[in-house]
A.B. asks: 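Just passing along the structure, written as structure tokens.
None of the values given here were measured: they were computed from a predicted structure.
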Amino acid sequence: MYSNDPRYEENPIMNPFTKIGGQIYRAGLRSVQVLTLCLLGMLTVCSLLWGYYAEEMETQASIAHNEPFLLYLPCMLILILPPALLLRFLHTHNTRMELKKQCFLGIALCWICIWGIFLILFGRSIPFADSSSVFSIAEALALGHTQVIHPTDSYLSYYPQQIGLIAFYEIILRIWNLFGITYSASYIIQCVNVGMACLIVYFQYGITGLLSHDSDGACISYIYLVMLNAPLIVYTSFVYGEIPSFAFLSGGLWLMLKYLKHNGVSGKKGYLQMAGCLMMLTTAVALRKNSLIVIIAAVLVFLWEWLISHRHRLLLFGILLALCSVTALPGIQHIYQRRAGNTLSSGVPAISYIAMGMQESSRGNGWYNGFNFYTYQDSHLDTAVTAAKSKEAISTSLAAFRADPGYAFRFYRDKFLSQWTDGSYFCRQATYTHTNARREIVESLYSGKLSKPFIHYCNIYQLLVYACSFLCLLSQWRHRRTNGVRLPFYTGVIAVLGGFLFHMMWEANSRYILPYFLLLLPYAASGLGTGTERAIRKGEFYENTCQKH
């Protein structure tokens, strides 16, 4: 995919690889290939040996566990067996494959809907903590109560970056209120999440096809992998921004890759793809500000593609995407301030999250311990004073790290592992609070007999995704001189690399890693599908050879 424009090969004068831009492009591409391959290799090894997860739901402390890797390896092979057998069967009955793939996709979407509705009806999770505050403010605004827009006496006084998600929920709640139904509106948002999860599957299925040249094996492997993705299904009951923001991210990336597949050609179709991409990626940032990491990856890809194609529309779109992404939330905030006739504070400064990410917590190293909230509160919501106190806290942490390098290594080792080796991605803790109507079978996932099997299953599934993603990148590296792959292929894993670097500095939480894990699914499907197809072809070759002799 994304092979070089043939015009560059026909005319040496136009060949960008003879120029500085081409050299920069090649250096960037090789750096991405090496760094992402190393990261996925490290994630695979670490998830095989360790698992960090909470067994006790009240304190939610992320505790290190040495994983039974001698058991995990055969279990992972068992998970691989069904798609391998299915692909072998389809390979011998390869008529009407496109129709069969669409049927499998429809089955996957129905699967997501069935389990999502099941959790809504019998799990009865309700908003709690931050999600409860966001939902309550959206409810108030939907009823016309604008008092929640206040510089000091509001949740938004601390976290104004939530204003985009609140706007999204207000739209849903206003529509819901038109029907006059007394049923809790939080459940309709969970239904919206189920629909958004289906969009994630649809868009990522398209991305998988683009990354793998529409390989039958990769597409079917993606459908299989996503149907096994328990955290994605459980998070549909979480009334917060993870699922809707990633749905828009997936749609935006899909349109972006479709556009770049043809070297950014102009025309009505191309401009419509870019307009849709811009709208979706900007909406994703508005719903969840950490989506900016994926936006940065996309902007870098546009700039690097401009270096070799000299299509100025790519540069223009990269700049436009960056501008829209950084102005989306301030724009929404301005609209609400005008509507309420009031203002919002600038909120907890970003440096407070970095300071907290360098401190110990009962949940894990770098996890939330209240430092950012209480420092801002004690500073009377003064951002400048809070920033100064946060800088002092950072200096204190750095001094402790310098005084004991071993402690610094253990701190960041545990911070890394606690985020990236929790296969459940905090889904149980995020949806733990519930009404008394929760069924016993669902409760057992949290504190009953099914909790440990669920945790181990998620960790085995995580290992499978990491390992297959690593094999996909390894295959691209081995054939780098012949396959002509360009930087757009690596957009998702560039975002994963950025997420790794960002969350080593920022506040830690395995929930924050879920979007990066989902970004890996198309790569894992490509690794699993193409690897299985090669094994099938080799098996047929040996069979034919034996028959001839």
Side-chain angles (χ1 to χ4, degrees), residues 116 120 125-146 148-149 154-156 158-179 181 184-200 202-203 232 235-253 255 275-295 321 324-340 344 347 430-431 511-512 514-515 518:
I120 293 172
S125 296
I126 58 176
F128 176 71
D130 285 340
S131 64
S132 177
S133 299
V134 168
F135 176 72
S136 298
I137 292 174
E139 275 191 314
L141 289 170
L143 295 173
H145 305 314
T146 58
V148 290
I149 308 297
S154 170
Y155 171 83
L156 289 173
Y158 293 80
Y159 308 113
Q161 69 270 19
Q162 302 282 23
I163 195 71
L165 181 60
I166 287 171
F168 179 69
Y169 283 167
E170 184 189 352
I171 294 171
I172 296 172
L173 294 176
R174 281 184 176 274
I175 296 173
W176 177 250
N177 291 341
L178 293 176
F179 296 96
I181 301 174
S184 175
S186 65
Y187 296 121
I188 194 61
I189 290 180
Q190 291 175 349
C191 290
V192 171
N193 281 348
V194 173
M196 289 288 178
C198 290
L199 287 178
I200 290 172
Y202 178 80
F203 291 138
L232 173 63
Y235 264 110
T236 58
S237 292
F238 187 42
V239 181
Y240 214 41
E242 270 72 5
I243 295 297
S245 66
F246 192 79
F248 285 105
L249 270 182
S250 300
L253 291 177
L255 291 173
C277 173
L278 181 65
M279 181 189 69
M280 287 191 169
L281 293 181
T282 303
T283 305
V285 174
L287 296 180
R288 187 174 180 270
K289 193 173 182 179
N290 282 1
S291 299
L292 278 171
I293 296 169
V294 183
I295 304 302
L321 176 59
C324 289
S325 298
V326 299
T327 57
L329 283 172
I332 296 172
Q333 181 175 329
H334 179 70
I335 292 172
Y336 271 105
Q337 288 178 157
R338 288 190 56 131
R339 174 180 160 188
L344 288 173
T431 57
R511 173 167 64 86
Y512 302 155
L514 176 68
L518 295 177

A.B. asks: Taking only residues two or more places apart in sequence, or in another chain, which ones meet Ala140 in a side-chain contact (heavy atoms from CB on, under 4.5 Å)?
C.D. replies: His145, Val148
A.B. asks: With a 4.5 Å cut-off on side-chain heavy atoms, are Pro244 and Val192 touching?
C.D. replies: no
A.B. asks: With rounding to the nearest 0.5 Å, note down the distance linking CG in Leu329 to NZ in Lys289.
C.D. replies: 6.5 Å
A.B. asks: Are Ile137 and Gln162 packed together at the side-chain level, in the sense that at least one heavy-atom pair is separated by less than 4.5 angstrom?
C.D. replies: no
A.B. asks: For Arg339, does the CZ atom have more than 12 heavy-atom neighbours from other residues, nucleotides or ligands under 6.0 Å away?
C.D. replies: yes
A.B. asks: Does the side chain of Cys324 reach to within under 4.5 Å of the side chain of Leu278, using non-hydrogen atoms?
C.D. replies: yes
A.B. asks: Who are the ring pair (Phe, Tyr, Trp, His ring centres under 6.0 Å) partners of Tyr235, not counting sequence neighbours?
C.D. replies: Phe238
A.B. asks: Compare all side-chain heavy atoms of Tyr240 with those of Val134 and state whether any distance is below 4.5 angstrom.
C.D. replies: yes
A.B. asks: Once rounded to the nearest 0.5 Å, what's the spacing between atom CG of Leu514 and atom CG of Leu232?
C.D. replies: 7.0 Å
A.B. asks: Check whether any side-chain heavy atom of Gln190 sits under 4.5 Å from a side-chain heavy atom of Thr236, and report yes or no.
C.D. replies: no
A.B. asks: Rounded at 0.5 Å granularity, tell me how far SG in Cys277 sits from CG in Leu321.
C.D. replies: 6.5 Å
A.B. asks: Using only atom types and a distance under 3.5 Å, with no angle test, would you say the side chain of Thr282 pairs donor to acceptor with the backbone of Met279?
C.D. replies: no
A.B. asks: Where do Gly144 and Arg174 come nearest, in terms of heavy atoms and distance?
C.D. replies: N-NH2, 4.4 Å
A.B. asks: Should Phe246 and Ser250 be marked as a side chain to side chain contact (heavy atoms under 4.5 Å, CB included) after you check the CA-CA gap, both sets of side-chain angles, and the distance that decides it?
C.D. replies: CA-CA 6 Å; Phe246 192 79; Ser250 300; 3.1 Å; yes
A.B. asks: Verify side chain to side chain contact (heavy atoms under 4.5 Å, CB included) between Leu281 and Ser325, making sure each step is shown before the conclusion.
C.D. replies: CA-CA 8 Å; Leu281 293 181; Ser325 298; 5.5 Å; no
A.B. asks: Nearest heavy-atom pair of Leu249 and Ser291: which atoms, and what distance?
C.D. replies: CD1-OG, 3.8 Å
A.B. asks: Report the distance from atom CD1 of Ile332 to atom CD of Gln337, rounding to the nearest 0.5 Å.
C.D. replies: 12.0 Å
A.B. asks: Please lay out, stage by stage, how Leu143 and Asn177 fare under the test side chain to side chain contact (heavy atoms under 4.5 Å, CB included).
C.D. replies: CA-CA 9 Å; Leu143 295 173; Asn177 291 341; 4.0 Å; yes
A.B. asks: Check whether any side-chain heavy atom of Tyr336 sits under 4.5 Å from a side-chain heavy atom of Leu141, and report yes or no.
C.D. replies: yes
A.B. asks: Answer whether the closest heavy-atom distance between the side chains of Phe135 and Leu173 falls below 4.5 Å.
C.D. replies: yes
A.B. asks: To the nearest 0.5 Å, tell me how far Ile120 CD1 sits from Ser186 OG.
C.D. replies: 9.5 Å
A.B. asks: Side chains of Glu139 and Trp176: does their closest heavy-atom pair fall under 4.5 Å?
C.D. replies: no
A.B. asks: Shortest non-hydrogen contact from Met280 to Gly252?
C.D. replies: SD-N, 3.6 Å
A.B. asks: When you look at OH of Tyr187, are more than 12 heavy atoms from neighbouring residues, nucleotides or ligands closer to it than 6.0 Å?
C.D. replies: yes
A.B. asks: List the atom of Gly116, the atom of Val194, and the distance in Å for their closest heavy-atom pair.
C.D. replies: CA-CG2, 3.8 Å
A.B. asks: Can you give the donor-acceptor pairs under 3.5 Å from side chains of residues 126-133 to other protein atoms, not counting sequence neighbours?
C.D. replies:
| from | atom 1 | to | atom 2 | distance (Å) |
| --- | --- | --- | --- | --- |
| Asp130 | OD1 | Tyr155 | OH | 3.3 |
| Ser131 | OG | Phe128 | N | 2.8 |
| Ser131 | OG | Phe128 | O | 2.7 |
| Ser133 | OG | Ala129 | O | 3.4 |

A.B. asks: If you look at every heavy atom in Ile188 and Ala185, which pair is closest and at what distance?
C.D. replies: CG2-O, 2.8 Å
A.B. asks: Where the side chain of Arg288 meets the backbone of Ile243, is there a donor-acceptor pair that is under 3.5 Å apart?
C.D. replies: no
A.B. asks: Measure the CD1-CD1 distance between Ile149 and Ile166 for me, rounded to the nearest 0.5 Å.
C.D. replies: 7.0 Å
